[in-house]
Amino acid sequence: CPVRAQNDTEPIVLEGKCLVVCDSSPSADGAITSSLGISVRSGSAKVAFSATRSTNHEPSEMSNRTMTIYFDQVLVNIGNHFDLASSIFVAPRKGIYSFSFHVVKVYNRQTIQVSLMQNGYPVISAFAGDQDVTREAASNGVLLLMEREDKVHLKLERGNLMGGWKYSTFSGFLVFPL
């Protein structure tokens, strides 16, 4: 498919596997646009993950005292920046990221509180504590400015989570790099 030059008079045919773009600037969507109007999307701009938990989450079962909520199945992990073993997402580059989570409490007359942690500090929380409901969900979502190597995970502040058929989920993606 030919690409038109700036004056739109003569097509330029690109062939081969590698394109070097000079005198260019990044655009908001992660693409690079050259002075010729050629747009090349960077593969590193594709970052997304979604993980589920298929078993109950009891604090007594945890192997450490951080109260990190561990997930046991990854549905999507584009870029491989979500580590299933630690259940921590590590930002590959500076940018705006979107995160959401959904958790379900286990027992009647129990309260749960879950926080999304960025570099060890709580950013947002969700709470479910209706005493007359056997199962209740807590959800939240946020856009975060993250630097390269920033880390995000979920922390169970109190209560127990329902596992079962993948009731608890944690997802995130890069909205755009900066």
Side-chain angles (χ1 to χ4, degrees), residues 28-30 42-178:
D29 67 353
S42 169
S44 65
K46 296 178 182 178
V47 178
F49 77 92
S50 188
T52 65
R53 181 164 187 81
S54 61
T55 60
N56 287 348
H57 188 272
E58 308 278 346
S60 60
E61 294 175 3
M62 298 184 66
S63 62
N64 59 43
R65 298 180 188 265
T66 65
M67 300 303 285
T68 297
I69 298 173
Y70 292 96
F71 293 86
D72 53 17
Q73 184 178 13
V74 172
L75 302 175
V76 172
N77 197 4
I78 307 300
N80 294 314
H81 301 290
F82 180 78
D83 179 53
L84 186 62
S86 66
S87 291
I88 295 174
F89 171 80
V90 180
R93 61 190 303 176
K94 182 177 180 177
I96 301 297
Y97 291 79
S98 175
F99 296 97
S100 63
F101 63 89
H102 180 86
V103 295
V104 177
K105 73 177 190 172
V106 175
Y107 307 110
N108 197 9
R109 304 203 181 282
Q110 183 192 94
T111 297
I112 61 167
Q113 181 181 350
V114 173
S115 295
L116 183 132
M117 309 292 286
Q118 181 179 11
N119 298 325
Y121 296 98
V123 177
I124 58 170
S125 293
F127 175 86
D130 189 332
Q131 298 298 312
D132 297 325
V133 177
T134 302
R135 291 181 178 92
E136 184 181 15
S139 299
N140 210 339
V142 67
L143 291 175
L144 291 179
L145 169 61
M146 296 183 69
E147 299 292 331
R148 186 175 190 274
E149 302 296 320
D150 277 2
K151 295 176 173 67
V152 171
H153 72 279
L154 295 183
K155 179 180 180 182
L156 182 63
E157 302 284 0
R158 63 195 268 202
N160 298 315
L161 301 182
M162 178 78 171
W165 203 86
K166 303 173 187 174
Y167 295 115
S168 296
T169 62
F170 180 33
S171 302
F173 61 92
L174 174 64
V175 177
F176 55 85
L178 294 175

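Note that this is a predicted model, so its numbers are computed, not measured. Counting from 1, the numbers follow the sequence of the chain as shown.
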Nearest heavy-atom contact between V123 and Q118 is CG2-CB, 3.5 Å

Between the CD atom in Q113 and the CE atom in M67, the distance rounded to the nearest 0.5 Å is 11.0 Å

Value for CD (Q73) from OG (S50), rounded to nearest 0.5 Å, stands at 9.5 Å

**Asked** Does some side-chain heavy atom of R93 sit less than 4.5 Å from a side-chain heavy atom of V47?
**Response** no

CG (D150) and CG (N119) are apart, to the nearest 0.5 Å, by 4.0 Å

Value for CG (N140) from CG (L154), rounded to nearest 0.5 Å, stands at 10.5 Å

Across all chains, not counting sequence neighbours, the side-chain contact (heavy atoms from CB on, under 4.5 Å) partners of A138 are V103, I112, A126, A128

N77 meets the side-chain contact (heavy atoms from CB on, under 4.5 Å) criterion, sequence neighbours left out, with F49, V74, N80, F82

Hits for side-chain hydrogen bond (donor to acceptor under 3.5 Å, both in side chains) against T52, two or more places apart or cross-chain, chain-then-number order -> none

NE2 of H81 to NZ of K151, rounded to nearest 0.5 Å, is 13.0 Å

Sorted by chain and residue number, the side-chain hydrogen bond (donor to acceptor under 3.5 Å, both in side chains) partners of E149 (sequence neighbours excluded) come out as none

Residues at least two apart in sequence or cross-chain that pass side-chain contact (heavy atoms from CB on, under 4.5 Å) with S98, listed by chain then number, are L143, F173, V175

Trace of the side chain to side chain contact (heavy atoms under 4.5 Å, CB included) decision for I69 with V114: CA-CA 9 Å; I69 298 173; V114 173; 3.8 Å; yes

NE2 (H153) and CZ (F101) are apart, to the nearest 0.5 Å, by 11.5 Å

Ring-ring centroid check F170 F89, cutoff 6.0 Å: no

By salt bridge (charged side-chain N to carboxylate O under 4.0 Å, His left out), K94 pairs with (sequence neighbours left out) E147

Residue set satisfying side-chain hydrogen bond (donor to acceptor under 3.5 Å, both in side chains) with S139, at least two apart, ordered chain then number -> H102

By side-chain hydrogen bond (donor to acceptor under 3.5 Å, both in side chains), T169 pairs with (sequence neighbours left out) none

Heavy-atom nearest pair, F71 first then S168, reads CE2-O, 3.8 Å

